[in-house]
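In what follows, a single structure is set out as structure tokens and then discussed.
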Amino acid sequence: MTPHNFVPADHPRSYYVDTAKGLVPPVPLNGTLDCDVCVIGGGYTGVATALHLAERGVDTVLLERVRIGWGASGRNGGQFCSGQRVEPAVMTGLMGATRARALWDMAEEAKALVRGRIARHAIDCDLKPGLIAAAFKAGHLQEILDYAEGLREDYGYAHIRPVSREEMREMLGTDIYHGGCIDIDAGHLHPLNYLLGLARAAREAGVKIHERTAATALTREGGRHLVRTAGGDVRADTLVLACNGYLGRLEPRIAGSIMPINNFIIATEPLGEERARSIIRNDAAVADSKHVLDYYRLSADGRLLFGGGESYRATFPKDIAGLVRRCMLRVFPQLADVKIDYAWGGTLAITRTRLPAYGRLDGDLYYAQGFSGQGVALTTLAGKVIAEAIGGAPERLDFLSEVPTPPFPGGPFLRWPTLVAGMAYHALLDRL
């Protein structure tokens, strides 16, 4: 099958979909398949896992309910981050210095793995360097500076440095921030094009990808996994669940450790070179220090991609553009005349500790989920680690499965009111 810019009706419109490279017509499952491993979920985790398995010679089938990249992997802010979602000092408090350092090192491996995949498979995804952490409040600044200093002193990470309030004003076209830091080994990319490049590589490696194929039930037959779908069944020795915020009730035993939440992004009209550089002079990505954070970057064609706002219901707000535009204008009031060309939302999954939940059930069912908004690199590594475990080297997956990710109070069905109350409290702190 030759990739082309096939834009199906079931991909929600976004800037990413309209600039996608490598979308192909879907091939729904029709009939019964036997394979070594069945992967459910066509986001970063699922596609990376399938690719790593196929490269090991494992007969792999991937099922995606809608389209590759339909979920958070094809809708996110495209920030390519260092480390875990949680700062090293917090990780040290959770599990000790040695394990915290091991998690940092694995996250660095994840960044290198993404860069390696992009180079190896010639993935055109606009990878650019630079990620700025901006202090929204004066009281946030010292924590950011301590984070940067800790990475330099404790981990020998030389790619991060502090940014004063004055320099921040020179970097960004706003005076709202109190300073921060910049990490030049992190950066940003076109998230959907990165994933589509991985999917192309997976197909070329022999993975059978079936889109528009929802897994409706997971059962056992003759000691093997039986995945039911409307178009047929898949029988597999091993099963990998890579559903993240779209897991639903497919596997209740792991549903309670994650919470689906929604986040929203707009894309402006092209700003032109001069105006775009007046907003972000060094073309870095930016994330602020609010609990419900703002994050933004410039696209390859000079648009401002701005993310902000959250919701915790199954439905999205009716006016996403208006919601996020208000966030954008608080940072850049000079963009009041700029047209919003795109507005979209996506569902991600968080954990209580904001560290991903990895594991294995019944000896032959693997999962990774809850990347909490920092999954572009970590999910790619998750695929490698799961493939290692399936191949007989489970040590790294076993280590990751010991990272604390306790269930949300109330379990899968009563967790929502607690989350909403907690998020509302922190959102109020952002405004004070």
Side-chain angles (χ1 to χ4, degrees), residues 39 41-52 69 71-88 90-91 94-95 99-118 125 127 131 133 151 155 157 159 183 185-189 191-192 194-195 197-198 240-245 247 254 257-259 261 263 285 287 295 346-359 366-389 396-405:
V39 178
Y44 294 135
T45 304
V47 173
T49 300
L51 174 56
H52 281 288
S73 297
R75 308 190 198 189
N76 66 79
Q79 298 206 351
F80 177 66
C81 305
S82 300
Q84 305 284 337
R85 178 67 173 80
V86 177
E87 295 178 4
V90 177
M91 290 195 297
L94 283 172
M95 65 199 75
R99 291 189 173 192
R101 176 59 192 264
L103 283 176
W104 168 265
D105 290 341
M106 291 182 77
E108 285 296 281
E109 179 187 348
K111 284 168 29 185
L113 186 61
V114 170
R115 290 191 175 100
R117 287 294 188 191
I118 291 171
C125 61
L127 178 63
L131 178 58
L151 290 183
Y155 288 179
Y157 186 71
H159 304 293
D183 181 350
D185 199 52
H188 55 103
L189 49 68
L192 179 56
Y194 171 60
L195 177 59
L198 288 184
V240 178
L241 295 181
C243 307
N244 207 41
L247 177 68
I254 61 174
S257 67
I258 56 172
M259 177 74 72
I261 67 171
N263 204 261
Y295 54 94
T347 301
L348 63 146
I350 62 172
T351 65
R352 284 182 64 185
T353 60
R354 302 304 190 267
L355 292 167
Y358 305 83
Y366 297 80
Y367 64 91
Q369 58 185 15
F371 291 89
S372 302
Q374 194 158 318
V376 173
L378 295 177
T379 49
T380 306
L381 179 66
K384 180 180 180 181
V385 171
I386 291 172
E388 290 172 356
R396 297 213 297 174
L397 181 66
D398 290 344
F399 166 71
L400 290 172
S401 69
E402 295 172 356
V403 173
T405 53

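Summarising the geometry of Tyr358 relative to Ala382, their closest heavy-atom pair is CE2-CB, 3.7 Å, with the distance given to 0.1 Å. Of all non-hydrogen atoms in Thr353 and Pro404, the two that sit nearest each other are OG1-O, 2.8 Å. Nearest heavy-atom pair across Thr379 and Ala48 is O-CB, 4.0 Å. When all heavy atoms are compared, the tightest approach of Gly187 to Ala285 is O-CB, 4.3 Å. Across every non-hydrogen atom of Cys81 and Ala186, the tightest pair is CA-CB, 4.2 Å. Ser82 and Asp183 make their closest contact through OG-OD2, 2.6 Å (heavy atoms, listed as atom of the first residue, atom of the second, distance).
Side-chain atoms of Thr351 never come within 3.5 Å of backbone atoms of Ser257 as a donor-acceptor pair (strictly under, hydrogens ignored). Remark: the backbone N or O of Gly71 is not paired with any side-chain donor or acceptor of Ser73 at under 3.5 angstrom. A donor-acceptor distance shorter than 3.5 angstrom exists from the side chain of Thr49 to the backbone of Thr45, with no hydrogens or angles considered. Here the side chain of Gln79 pairs no donor or acceptor atom with the backbone of Tyr295 at under 3.5 angstrom. Side chain of Gln374 to backbone of Leu355: no donor-acceptor contact under 3.5 angstrom is found.
Taking the side chain as every heavy atom from C-beta outward, Pro191 and Leu189 approach each other to under 4.5 Å. Proximity of Phe399 to Val385: side-chain heavy atoms (C-beta onward) are nowhere separated by under 4.5 Å. In this structure, Leu400 and Pro356 have side chains that are not in contact, with every pair of non-hydrogen atoms separated by 4.5 Å or more.
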Chi angles and distances behind the side-chain contact (heavy atoms from CB on, under 4.5 Å) call for Arg117, Leu51: CA-CA 11 Å; Arg117 287 294 188 191; Leu51 174 56; 3.5 Å; yes
Evaluation steps, side-chain contact (heavy atoms from CB on, under 4.5 Å), between Arg115 and Phe80: CA-CA 10 Å; Arg115 290 191 175 100; Phe80 177 66; 3.6 Å; yes
side-chain contact (heavy atoms from CB on, under 4.5 Å) between Leu348 and Asn263, intermediate numbers included: CA-CA 8 Å; Leu348 63 146; Asn263 204 261; 4.0 Å; yes
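To the nearest 0.5 Å, atoms OG1 (Thr405) and CD1 (Ile350) are separated by 12.5 Å. Residue Tyr366 holds its OH atom at 9.0 Å from CD1 of Ile386, rounded to the nearest 0.5 Å. Here the CG-CD distance, from Leu241 to Gln369, works out to 8.0 Å after rounding to the nearest 0.5 Å. Here the straight-line distance linking atom NZ of Lys111 with atom CG of Leu381 works out to 12.5 Å at 0.5 Å rounding. How far CG of Leu378 is from CE of Met106: 9.5 Å, rounded to the nearest 0.5 Å. A distance of 11.0 Å separates CD in Glu109 from OG1 in Thr380, rounded to the nearest 0.5 Å.
Residue Arg99 qualifies as open at atom CZ: its count of foreign heavy atoms under 6.0 Å is 12 or below.
Between Tyr44 and Tyr194, the ring planes are tilted. Angles from 30° to 60° get that label.
The cationic group of Arg101 lies under 6.0 Å from the six-membered ring centre of Tyr155 and within 45° of the ring axis, placing it in a cation-pi geometry.
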